[in-house]
Number of protein chains: 2
Amino acid sequence: MLKLSRKTEYALMALRHLYGKTTEQLTSSKEIAATYRIPGELLAKTLQQLAREGIVETVQGPLGGYRLKVNLEKVSLTDFIELLEGPVALTDCSIDKNCDQLGTCTIRTPIHRINDTMKNVFNNVTLAEVMQ
Amino acid sequence: MLKLSRKTEYALMALRHLYGKTTEQLTSSKEIAATYRIPGELLAKTLQQLAREGIVETVQGPLGGYRLKVNLEKVSLTDFIELLEGPVALTDCSIDKNCDQLGTCTIRTPIHRINDTMKNVFNNVTLAEVMQ
DNA sequence: ACTTATACGACCTCTAAGGTCGGATTAAAC
DNA sequence: GTTTAATCCGACCTTAGAGGTCGTATAAGT
């Protein structure tokens with residue numbers, strides 16, 4: 001039903017948390033999880049993924065934690081969602097073309113049109129705007 | 001990942017099929033299913049639901065089938081999706097407010113803003129446009 | 001050494017999507 | 001009036017993916 005996954009929600013909340021801090025300051029995954037009552041392990045894994053993708057930076061060991069790495073004005077919501085959930089698309093045929101109905105499908109073109117419009121909405125929102 | 005359900009896809013294809021016919025002409029569920037290689041039972045149930053909702057009209061018995069009932073220009077894509085899949089919303093808190101994070105959530109407002117924008121996209125597309 | 005943080009793969013659970021089946025109802029055709 | 005071809009509809013099955021947990025490894029400050 002066109003929902004974001006919890007992973008994405010949690011990630012946005014975590015980024016919002018880091019957004020308020022100075023560039024040097026570190027925050028542990030646990031602290032964020034506790035603040036927002038997010039399952040700790042899941043948030044940790046999500047932050048690790050964001051670290052791999054270069055969105056946040058990580059420091060290990062005691063006193064370690066996460067901090068922002070990129071300028072959130074440079075990252076669109078599309079980029080972010082696709083990073084965590086894969087391609088944004090109303091239908092599978094917007095991505096790979098393996099579909100039984102391919103030959104006979106009559107709604108592909110209009111759906112792709114709408115898909116583009118929707119994607120444009122997300123393209124035009126930066127993560128910085130979501131933090132406001 | 002923001003996908004439409006197959007049910008919705010099948011429903012759109014079926015409507016597109018009926019759209020090309022005269023107002024009197026009936027088409028059986030089976031014929032549509034065969035034409036587009038859609039699982040018959042599933043399409044049948046979907047068409048029944050559309051009949052209950054007043055989108056199509058049904059005639060029982062042999063030579064029976066379905067035909068359009070409403071003017072597709074009067075139905076927005078939002079209406080249609082919500083009919084088949086329930087509320088269009090990026091997050092659950094856009095619908096009912098039962099969420100553990102309610103008190104501490106910091107991204108609710110911006111998410112709702114984006115949600116409204118997205119919904120507007122679907123509001124401004126009529127089913128008739130999807131048939132083109 | 002010990003502690004406290006991230007790193008990460010393996011696993012578990014539960015829900016909903018997608019699809020199937022069986023039988024009931026309706027009505028045209030013979 | 002029996003047969004046949006369509007809708008009607010609830011019950012059920014299966015599977016994938018979301019969401020979450022666990023155990024263990026690794027890194028680094030004290």
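- Residues A:L84 and A:A11 come closest through the heavy atom pair CD1-CB, 3.6 Å.
- OP1 or OP2 of C:dA7 sits under 4.0 Å from a side-chain N or O of A:Y66.
- No side-chain donor-acceptor contact under 3.5 Å links B:Q132 to the backbone of B:E129.
- Using a 4.0 Å cut-off, some side-chain N or O of A:R52 falls inside it from OP1 or OP2 of C:dC8.
- In this entry the distance linking CG of B:L42 with P of D:dT7 reads 14 Å, nearest Å.
- Each of D:dC22, C:dA28, C:dT20 was ranked by its minimum atom distance to the side chain of A:E41; first place goes to D:dC22.
- Rounded to an integer number of Å, the gap from A:E57 CD to C:dA7 C1' is 16 Å.
- If you find the closest nucleotide of DNA chain C to A:K45 and to A:G61, the one lying nearer the 5' end belongs to A:G61.
- For the pair B:T58 and D:dC8, the criterion of a side-chain N or O lying under 4.0 Å from OP1 or OP2 is met.
- The residue among A:R6 and A:P62 whose nearest nucleotide of DNA chain D lies closer to the 5′ end is A:R6.
- With D:dA27, D:dT7, D:dT4 as the candidates, the nucleotide lying closest to the side chain of A:Q60 is D:dA27.
- Note that the CD1 atom of B:I32 and the NE2 atom of B:H17 stand 5.0 Å from one another [nearest 0.5 Å].
- Summarising the geometry of B:V125 relative to B:V121, their closest heavy-atom pair is CG2-O, 3.3 Å, with the distance given to 0.1 Å.
- At a cut-off of 3.5 angstrom, counting only N and O atoms as typed in the model, there is no donor on one side facing an acceptor on the other between the side-chain of A:K30 and the base of C:dT6.
- Counting to the nearest Å, the P atom of D:dA6 and the CD atom of B:Q48 are 15 Å from each other.
- Side chain to side chain, A:E9 and B:T91 fail the donor-acceptor criterion of an N or O pair below 3.5 Å.
- Rounded to 10°, the helix from C:dA1-D:dT30 to C:dC30-D:dG1 has 0° between the axis fitted to its first five pairs and the one fitted to its last five.
- The CG atom of A:L63 sits 18 Å away from the P atom of D:dA27 (whole-angstrom rounding).
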So B:K119 and B:E82, salt bridge (charged side-chain N to carboxylate O under 4.0 Å, His left out) or not? Walk me through it. CA-CA 11 Å; B:K119 224 169 148 177; B:E82 299 207 326; 3.7 Å; yes
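- A close approach under 4.0 Å does occur between a side-chain nitrogen or oxygen of A:Y10 and OP1 or OP2 of D:dG20.
- Both B:T27 and A:V59 sit near DNA chain D, but only B:T27 has its closest nucleotide nearer the 5' end.
- Taking every heavy atom of both residues into account, B:L42 and B:T46 meet most closely at O-OG1, 2.8 Å.
- Side-chain nitrogen and oxygen atoms of B:S29 include none within less than 4.0 Å of the OP1 or OP2 phosphate oxygen of D:dA6.
- Atom NZ of B:K3 and atom C1' of C:dA16 are 16 Å apart (whole Å).
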